[in-house]
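Start at 1 with the first residue, then count along the sequence. Note that ligands are numbered from 1 as they come in the structure, with each ligand's atoms numbered from 1 the same way.
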Amino acid sequence: MTLRSYLVSSLMLSLVSVSAMASSVEVLHWWTAGGEAKAADVFRSYWQALGNEWQDSAISGGGGQSAMTVLKSRALSGTPPEAAHLKGSELQEWAGLGFLRNLDEAARLGNWDNVLPEFVQHSVQYKGHYVAVPIGIHRVNWLWVNPKVLKRYHLSPPESWPQLLTIAKRLKQEGITPLAIGDDQWQLSILFEAIVLGEGGSDFYRRAFIRLDQTALQSETMEHQLELFHQLRDYIADDYGDTKWNQATHMLIEGSAAMQLMGDWVKGELTAASVVPGKDILCLPAPGTAGKFSYNLDSFAMFNVQSPSKQQAQLQLVNMIMTSDFQHAFNRVKGSIPVLRNQTLTDFDQCAQNSAQQLQLAIDQQQLVPSMAEGMANSSNVKQAIGDVLVSYFNDPKGNAKQAAHQLARAILSAQR
Ligand code: GAL
């Protein structure tokens with residue numbers, strides 16, 4: 001269905017609903033990079049097309065750390081926005097504090113228990129109650145590759161981490177930055193979790209990042225993965241400290257870098273730059289992770305508000321997000337895939353179709369894992385503790401894997417207290 005036909009049917013619905021008055025909502029999010037901002041535009045225009053007002057609270061900073069800081073001060077001063085991008089453990093923590101609106105009634109009317117895959121249902125529930133509406137599923141374990149650069153040096157894309165190191169060595173000799181990455185803690189966490197998943201497998205990943213098993217965290221397997229992670233220091237740009245994730249994607253597009261390890265929000269950036277994902281830039285499973293799927297589920301929570309018209313607006317927003325039309329239009333631009341079951345994705349790019357197939361395969365074969373780096377696997381304290389250890393270890397030229405494994409285990413233990 002096109003935007004126009006969506007508007008007609010939505011308009012009819014809103015005429016029947018409680019009031020035909022324009023609703024206004026304030027939406028807090030951090031989708032400000034080129035491709036993300038385009039997806040936020042789709043979100044806003046669908047809402048405005050229903051005759052409503054959109055108050056944009058876009059807080060820049062990929063990964064959302066600044067947005068979360070702003071949200072905390074807004075909530076503490078008693079002026080939270082009506083809707084905010086909240087996901088994973090942050091979502092659970094806000095719900096535990098009693099700030100979020102219970103969406104069970106909307107879920108019952110919208111049949112969410114049937115239209116959403118189980119892992120999506122669980123991610124947006126707190127103690128069995130819906131507290132957010134899911135908007136898109138991102139796969140995190142992707143390796144983005146500029147095929148022209150590899151071809152120029154007769155190299156094939158890596159299928160294992162040792163292979164990636166071999167290719168990286170060669171590319172560096174040729175003056176190419178092998179791996180594009182920025183300096184945020186979450187970017188390093190994404191890189192590390194991909195190594196753990198690729199080298200250790202899903203069971204080890206779960207032991208380390210979900211069960212936080214002290215034995216796994218201090219094992220030789222973990223030391224080996226930390227060692228690999230550290231070796232990648234030699235293959236990133238010297239000035240990586242000044243790079244944002246989307247700037248790293250542009251290094252890849254321009255060919256000054258050959259690869260980037262990042263979730264498929266990269267695709268938003270590619271499409272916005274008229275680069276075809278899956279052709280101009282390849283989307284491959286992170287080394288060793290074919291058939292595995294590390295998910296990052298984006299969702300929006302509605303804050304408790306007193307005004308009946310604001311409450312009505314929140315419900316209208318939630319229902320709009322759950323329509324198949326909106327899911328298609330939004331996710332095609334964002335780089336994610338719709339949260340609804342049984343969607344035909346023929347109008348999506350090849351990488352999205354691949355993501356949907358891999359997701360189903362991973363569900364069937366118990367290879368679906370929540371992304372640690374994206375806060376899907378454990379509390380925000382634990383995520384922060386892991387990130388802190390990774391950043392200081394990675395940036396220390398003399399970093400020692402054995403010590404880092406001990407630090408990781410200790411930091412996680414104290415974050416759990
Ligand atoms: C993630 C978010 C994604 C993406 C990314 C970079 O946390 O879930 O939607 O935009 O940050 O900002």
Inset, instruction - Run the numbers on Asp349 and Lys267 for salt bridge (charged side-chain N to carboxylate O under 4.0 Å, His left out), then give the verdict. - result: CA-CA 9 Å; Asp349 60 57; Lys267 268 193 310 142; 3.2 Å; yes
Any N/O of [X] closer than 3.5 Å to an N/O of ligand 1?
| X | result |
| --- | --- |
| Gly62 | no |
| Trp265 | no |
| His85 | no |
| Trp186 | no |

Which of the numbered atoms in ligand 1 are under 4.0 angstrom from any heavy atom belonging to [X]?
| X | value |
| --- | --- |
| Glu374 | 1 (C), 7 (O), 8 (O) |
| Lys334 | 3 (C), 4 (C), 9 (O), 10 (O) |
| His138 | 9 (O) |

Inset, instruction - For Phe394 and Phe192, run ring-ring contact (aromatic ring centres under 6.0 Å, His included): C-alpha distance rounded to whole Å, both residues' side-chain angles, the deciding distance at 0.1 Å, then the answer. - result: CA-CA 10 Å; Phe394 190 80; Phe192 185 61; over 10 Å; no
Inset, instruction - Using distance alone, with no hydrogens and no angle criterion, decide if Asn52 and Gln48 have a side-chain donor and acceptor under 3.5 Å apart. - result: no
Legend entry - Shortest protein heavy-atom distance from atom 2 (C) of ligand 1, along with the residue and atom involved: Asp298 OD1, 3.6 Å
Inset, instruction - Starting from atom 12 (O) of ligand 1, find the nearest protein heavy-atom neighbour and note its residue, name and distance. - result: Glu36 OE2, 2.6 Å
Inset, instruction - Could you walk me through whether Tyr240 and Trp245 pass ring-ring contact (aromatic ring centres under 6.0 Å, His included), step by step? - result: CA-CA 10 Å; Tyr240 98 109; Trp245 71 267; over 10 Å; no
Inset, instruction - Can you figure out which of Trp245, Trp31, Trp30 has its heavy atom closest to atom 11 (O) of ligand 1? - result: Trp30
Inset, instruction - Look only at the side chain of Gln92 and the backbone of Gln125, and say whether a donor-acceptor pair between them is shorter than 3.5 Å. - result: yes
Legend entry - Ring-face cation of Arg108 near Trp112 (centre distance under 6.0 Å, axis angle within 45°): no
Legend entry - Min heavy-atom dist Gly63 to ligand 1 below 4.0 Å: yes
Legend entry - Option among Lys383, His138, Lys87 that satisfies the side-chain hydrogen bond (donor to acceptor under 3.5 Å, both in side chains) test with Glu374: Lys87
Inset, instruction - For the residue pair Met302 and Leu100, establish whether any side-chain heavy-atom pair is separated by less than 4.5 Å. - result: no
